[in-house]
Amino acid sequence: MKKDGISTAAKGLIVGGTMLVPGVSGGSMAMILGIYDRLVSSVSSFRKQKKENFLFLSVFTFAALAGMMLFASPLLALIEAYTKPMMFFFLGAVAGGIPMMYQKAQVQAFSWKLPVYVIGGIFAVMLISLFPAEAFGSSGGSTGILVLVSAGFIAAIALILPGISISYLLLMLGIYQDTMKAISSFDLGFLMPMGIGLLLGIVLTTKVLEGAMQRYPQPTYLIIMGFIIGSAADVFPGLPAGWEWVLCSASLLTGFGLIRLLTENEMIKTEKLKKPSQMY
């Protein structure tokens with residue numbers, strides 16, 4: 001139990017620390033680290049194992065908040081100073097998480113449907129990225145309570161679905177600046193309706209996702225893989241030049257290696273769970 005708690009806290013720190021990085025989705029990082037399924041099931045099936053789910057979500061949430069406070073600013077500073085090596089590190093992290101997602105998709109044999117699911121996920125992210133910033137902005141800069149609840153609900157979908165950046169979605173809704181100001185000034189009149197929509201969105205979205213992952217694991221995980229691959233385009237900083245090739249290659253391999261190490265334990269656990277059922 002202690003080992004699981006330490007692992008959950010470590011993954012929460014990473015998710016929180018990377019959540020504010022441009023182009024990096026918190027859901028993507030949770031999926032890459034192998035904790036996404038547990039987060040979804042803990043929220044959607046909270047009542048089934050209240051104590052266990054509460055402890056898990058508490059550890060993850062506090063660790064994620066700590067990660068945001070401790071690592072978000074240094075990470076953003078590193079990205080500003082060393083843009084290409086840092087972005088290649090995140091690309092390596094995405095690549096390192098793909099084998100685990102492929103395993104979760106339970107692919108037994110190749111079928112023409114497999115690339116279609118992945119391409120569908122990539123295409124969905126590309127469609128979202130085509131919307132201009134503030135396309136749904138409110139006129140006159142004032143937003144009603146219903147609009148804020150709706151915005152919170154939509155933001156929850158971005159928060160839950162891997163590959164979709166919540167900061168970009170808020171920009172698309174035209175309330176990014178207002179949200180940042182409300183957070184900094186602790187404007188409850190703005191934050192409370194949005195928070196209600198966010199909670200509703202999280203509960204309803206996780207219910208749907210949990211059902212999809214349990215009933216249709218192959219298309220669900222492959223589409224999510226497409227979301228994550230599609231979002232990697234926002235992280236790609238362009239090809240390196242000169243000596244940057246060495247640094248960027250090292251960053252790419254480091255990101256890949258670290259995520260493979262972190263997810264190896266999850267893959268071993270999955271294999272152990274499969275073995276008893278395969279014996280009968």
Side-chain angles (χ1 to χ4, degrees), residues 15 18-37 39-40 79 83-84 86-133 135-136 154-173 201 205-206 208-213 215-240 248 251-252 255-256 259-260 263 267:
V15 172
T18 56
M19 196 176 285
L20 298 180
V21 174
V24 177
S25 157
S28 293
M29 192 54 67
M31 176 62 78
I32 289 164
L33 292 170
I35 201 169
Y36 184 81
D37 296 16
L39 284 168
V40 169
I79 288 166
T83 304
K84 283 186 180 177
M86 288 300 296
M87 291 296 103
F88 271 90
F89 176 85
F90 287 114
L91 287 172
V94 169
I98 285 174
M100 189 194 64
M101 282 182 274
Y102 188 80
Q103 184 194 51
K104 285 181 177 290
Q106 301 173 19
V107 177
Q108 303 296 328
F110 182 79
S111 162
W112 64 269
K113 293 179 182 179
L114 304 184
V116 171
Y117 292 138
V118 177
I119 292 166
I122 294 169
F123 187 65
V125 173
M126 287 174 65
L127 277 178
I128 292 168
S129 67
L130 290 175
F131 285 105
F136 301 102
I154 295 166
I157 296 170
L159 191 65
I160 296 297
L161 282 177
I164 302 172
S165 169
I166 190 167
S167 57
Y168 178 79
L169 202 66
L170 288 173
L171 275 169
M172 190 183 79
L173 292 169
T205 305
T206 50
V208 173
L209 263 175
E210 186 183 34
M213 287 189 292
R215 294 178 188 178
Y216 313 104
Q218 189 175 102
T220 303
Y221 282 105
L222 290 176
I223 290 168
I224 287 172
M225 190 192 294
F227 286 162
I228 294 171
I229 294 169
S231 70
D234 291 330
V235 180
F236 184 64
L239 292 173
C248 290
S251 297
L252 186 80
F256 180 86
I259 296 301
R260 287 293 287 131
T263 56
M267 292 176 76

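We use all heavy atoms of the structure for the numbers below, so side chains are in, but hydrogens, waters and symmetry mates are not. Bear in mind that the values here come from a model prediction, so they are computed numbers and not experimental data.
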- [ ] Name all residues meeting the side-chain hydrogen bond (donor to acceptor under 3.5 Å, both in side chains) criterion together with Y221; count only those two or more places apart in sequence or in a different chain, and write none if there are none.
- [x] D37
Open item on the list: Counting only heavy atoms from other residues, nucleotides and ligands, does the tally under 6.0 Å from CZ of F236 exceed 12?
Closed with: yes
TODO: Look up atom CG in L114 and atom CD1 in I119, then write down how far apart they are to the nearest 0.5 Å.
DONE: 10.5 Å
Open item on the list: Is any side-chain heavy atom of T220 closer than 4.5 Å to one of R215?
Closed with: no
- [ ] Please list, chain by chain and in numerical order, all residues satisfying side chain to side chain contact (heavy atoms under 4.5 Å, CB included) with I98, sequence neighbours excluded.
- [x] M101, M225, I229
Please tabulate, one pair per line, all N/O donor-acceptor pairs under 3.5 Å involving side-chain atoms of residues 88-95, not counting sequence neighbours.
none

Task: For T206, all residues meeting side chain to side chain contact (heavy atoms under 4.5 Å, CB included), sequence neighbours excluded - done: V40, V43, S44, I160, I202
Task: Exercise: identify the closest heavy-atom pair between L239 and K84 - done: O-NZ, 2.8 Å
Open item on the list: Please give me the minimum heavy-atom distance between Y36 and L209, naming the atom from each residue.
Closed with: OH-CD1, 3.0 Å
- [ ] Would you name the heavy atoms of R260 and P99 that are closest together and state the gap between them?
- [x] NH1-CB, 4.0 Å
TODO: Report the residues that fulfil side chain to side chain contact (heavy atoms under 4.5 Å, CB included) with L39, sequence neighbours left out, ordered by chain and then residue number.
DONE: A30, I35, F56, L57, F60
